[in-house]
Amino acid sequence: MYEMTASFTLSPDTPGKPRFDLPHKVQEQHRGFFPQGQPIDEACGQKLAAWARGGTPSPALAPPSSQPEASEPKLFAVAREKARAGREAFEDWRERLTDRQRDGLQPIAAELDRLLDDADARADDRHLQPEDA
């Protein structure tokens with residue numbers, strides 16, 4: 001009759017953000033659709049919709065040893081590269097980071113927002129260009 005059920009206890013001190021330390025019901029394969037500490041938003045719904053259309057379950061997180069630490073300049077370089085690739089690529093990458101790594105991006109958050117806006121604008125421009133005959 002149905003493929004999944006998910007429920008979360010939301011707390012007033014973290015509105016709209018799932019906390020897996022509180023009662024919840026979500027299969028492990030779907031847990032990556034709802035990153036802890038981040039609001040349940042449209043991106044979560046898009047991932048669920050892709051899964052429901054036959055997409056694959058959320059990918060497993062990379063082993064911690066393969067992820068750069070929050071203080072490493074490499075994290076900033078990779079974040080910039082992913083942001084230049086567009087919002088979808090960036091968000092897919094960002095959701096795999098640890099909380100510490102996501103917090104580590106805060107010093108360049110404004111720069112990343114600009115890069116994401118630029119990437120989105122370029123993508124919009126490509127869609128608006130008339131095709132050459």
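Just so it is clear, the values below take in all heavy atoms, side chains as well, and ignore hydrogens, waters and symmetry mates.
In terms of the salt bridge (Lys or Arg N to Asp or Glu O under 4.0 Å) criterion, Asp118 has no residue partners (sequence neighbours excluded).
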Side chains of residues 108-115: which donor-acceptor pairs under 3.5 Å do they make with residues two or more places apart or in other chains?
from: Glu111; atom 1: OE1; to: Arg80; atom 2: NE; distance (Å): 3.3
from: Glu111; atom 1: OE1; to: Arg80; atom 2: NH2; distance (Å): 3.1
from: Glu111; atom 1: OE2; to: Arg80; atom 2: NE; distance (Å): 2.7

Could you list the donor-acceptor pairs under 3.5 angstrom formed by side chains in residues 37-46, with sequence neighbours left out?
from: Gln38; atom 1: OE1; to: Arg94; atom 2: NH1; distance (Å): 3.0
from: Asp41; atom 1: OD1; to: Ala43; atom 2: N; distance (Å): 3.1
from: Asp41; atom 1: OD1; to: Cys44; atom 2: N; distance (Å): 3.3

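Closest approach of Thr14 and Arg19 over heavy atoms only: OG1-CD, 3.2 Å. Listed here is the closest heavy atom pair of Ala119 and Ala83: CB-O, 3.6 Å. Nearest heavy-atom pair across Ala6 and Val26 is CB-CG2, 4.1 Å. Across every non-hydrogen atom of Gly16 and Pro18, the tightest pair is O-CD, 3.9 Å. In plain terms, the two heavy atoms of Leu105 and Ala79 that are nearest each other are CD2-CB, 3.6 Å.
Comment: Asp117 engages Arg87 in a salt bridge, judged by a side-chain N to carboxylate O separation of less than 4.0 angstrom.
Using a 4.5 Å cut-off on side-chain heavy atoms (C-beta onward), Leu75 and Leu97 make contact. Between Arg31 and His24, the closest side-chain pair of non-hydrogen atoms falls below 4.5 Å. Residues Pro107 and Phe76 are in side-chain contact: their nearest non-hydrogen atoms beyond the backbone lie under 4.5 Å apart.
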**Request:** Output, in order, the C-alpha distance, side-chain angles, deciding distance and verdict of salt bridge (charged side-chain N to carboxylate O under 4.0 Å, His left out) for Asp103 and Arg100.
**Result:** CA-CA 5 Å; Asp103 291 344; Arg100 182 174 174 212; over 6 Å; no
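Atom-to-atom distance recorded for Glu81:CD and Phe90:CZ is 12.0 Å, nearest 0.5 angstrom. Atoms CZ and CD, from Phe33 and Gln27 in turn, are 10.0 Å apart once rounded to the nearest 0.5 Å.
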